[in-house]
Amino acid sequence: MSTVTRFAPSPTGRLHVGNIRTALHNWMLAKKHGGRFLLRIDDTDRERSREDYVEAIRADLAWLGLEPEDEERQSDRFQLYQMQFDYLESEGRLYRCYETAQELELKRKVLLGRGLPPIYDRAALQLTEAEHRDFAARGIAPHWRFKLDRSAPIEWEDGIRGHQHFDPAQLSDPVVRRADGSWLYMLPSAIDDIEMGITDVLRGEDHVSNTALQIQMFTALGAQPPRFAHEALLVGNEGKLSKRLGSLGTDAFRERGIEPAALVALLARLGTSQPVEPIADRAALIDSFDLSTFGRAPARFDEAELERVNAGIVHQLTYDDVKTRLPEGMGEEAWLAIRPNLAHVGEAADWWQVVTGPIEEAEIPAEDRAYLAEAARLLSWSDDPWPALTGALKEATGRKGKPLFHPLRIALTGRDSGPDMKALLPLIGETEARTRLERAAAD
Ligand code: GLU
């Protein structure tokens, strides 16, 4: 059976770095096994779901290069949920409840006060048909709970956490449907995973106890549960999922000049025992993806590390990758000359400005002026003018090392450091280079 994974965001906000990581890992897991990666829009909550968020999710996935093979929306699938709901009800796995939130809270408090776990007491199971009719006559509709099978432990081999074991007697029967008929997350998700043929559910460890409940739903619906794996949560430098991390999305990264490939390379390996490296080749990343390398400790998202990976990725981008983002007139040679100096593609424009001029006027120490005048005289043009110039200057002046090279860099670029002058000088051109050297000599 080929692997089918899904990413199931609720369109109640923009994706943040934690969701992006989940999407990426599901995508990689599917690709690694030649399978399919699906997008499921969890929009059962009609009030909080928004169409612009759905579109933003699609656009974010496209920007990251994680396009799904197919997309489903839960709001299109209510009929299916109703059908399965009816089946579960007929099997006696769903029951009607009427407790208000306050009543449930009170029950919880009483149990906790007695030092007992706050498990729902199944009081509603004792209601008679006459009592149900009485609620209906008073216009009180029931909400519905899924009745857990308490006859055997719930167990699974988690792809990351290893063997998992839950005692269903320690779990409350989950509410699956509200009194207004709307669906809670739990049951539709299990129904969809079955109907969409999902073979692997990979999600955050905040879903571990949901998995215990959903495994019983799969079984009650006559389906084999998929494989489950729960990854440790993402935390910021301060050691928790900060507000900042929870709102950090693709827009913020794009604005800061982070390449999607950098985010992918970092998130692919974060929280695993494999080194984070600026791997631009997706096939290589996919190939090395391995759930068994995932750790149980929270994965630390470090923005400085992202910047380092980004620079490493930028240094591998080809001219074709970036040409639409470069300033007018900047060609392949210029890109290749400047690229090693960039942390972000956007900085190429600064260096292109250095090439085309005008450059910032730098302070030239008096002792370098005659030297630069000599340089202007000795500048001769060829395919490779830099070694010719520095060779001639070395011979004429006896300078070597920094005193030989550094004043030239300052005079020619107005900056202290930057791309290799051997690559830069041909781009500046003979006339402009001579003018800059003469101007610096005259200062
Ligand atoms: N919509 C759910 C969430 O965002 C999906 C969880 C799941 O992957 O099953 O948490």
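One-based numbering, in listed order, for ligands and for the atoms of each.
Given atom 10 (O) of ligand 1, the protein heavy atom at minimum distance is H207 NE2, 3.0 Å.
Of all atoms in ligand 1, numbered sequentially from 1 with element shown, those under 4.0 Å from a heavy atom of A8 are 1 (N), 2 (C), 3 (C), 4 (O), 5 (C). Close contacts between ligand 1 and D42 involve ligand atoms 1 (N), 2 (C), 5 (C) [criterion: under 4.0 Å to a heavy atom]. In the vicinity of S189, heavy-atom distances shorter than 4.0 Å reach the ligand 1 atoms 9 (O). Atoms of ligand 1 found under 4.0 Å from any heavy atom of R6, numbered from 1 in the order shown, are 7 (C), 8 (O), 9 (O).
The aromatic rings of Y98 and H132 sit tilted relative to each other, their planes meeting at an angle between 30° and 60°.
With a heavy-atom cut-off of 4.0 Å, F7 does not touch ligand 1 at all.
Backbone and side-chain nitrogen or oxygen atoms of R40 are examined, and none is located within less than 3.5 angstrom of a nitrogen or oxygen of ligand 1.
For the pair Q214 and ligand 1, no heavy-atom separation below 4.0 Å is found.
With salt bridges taken as basic N to acidic carboxylate O contacts below 4.0 Å, none links E71 and R40.
Within the 4.5 Å cutoff, side-chain heavy atoms of D193 are placed close to those of R6. A heavy-atom distance below 4.5 Å is found between the side chains of L306 and F253.
Residue R138 places its CZ atom among more than 12 non-hydrogen atoms of other residues, nucleotides or ligands, all under 6.0 Å distant. Crowding of K147 atom NZ: a count of heavy atoms from other residues, nucleotides or ligands under 6.0 Å not exceeding 12.
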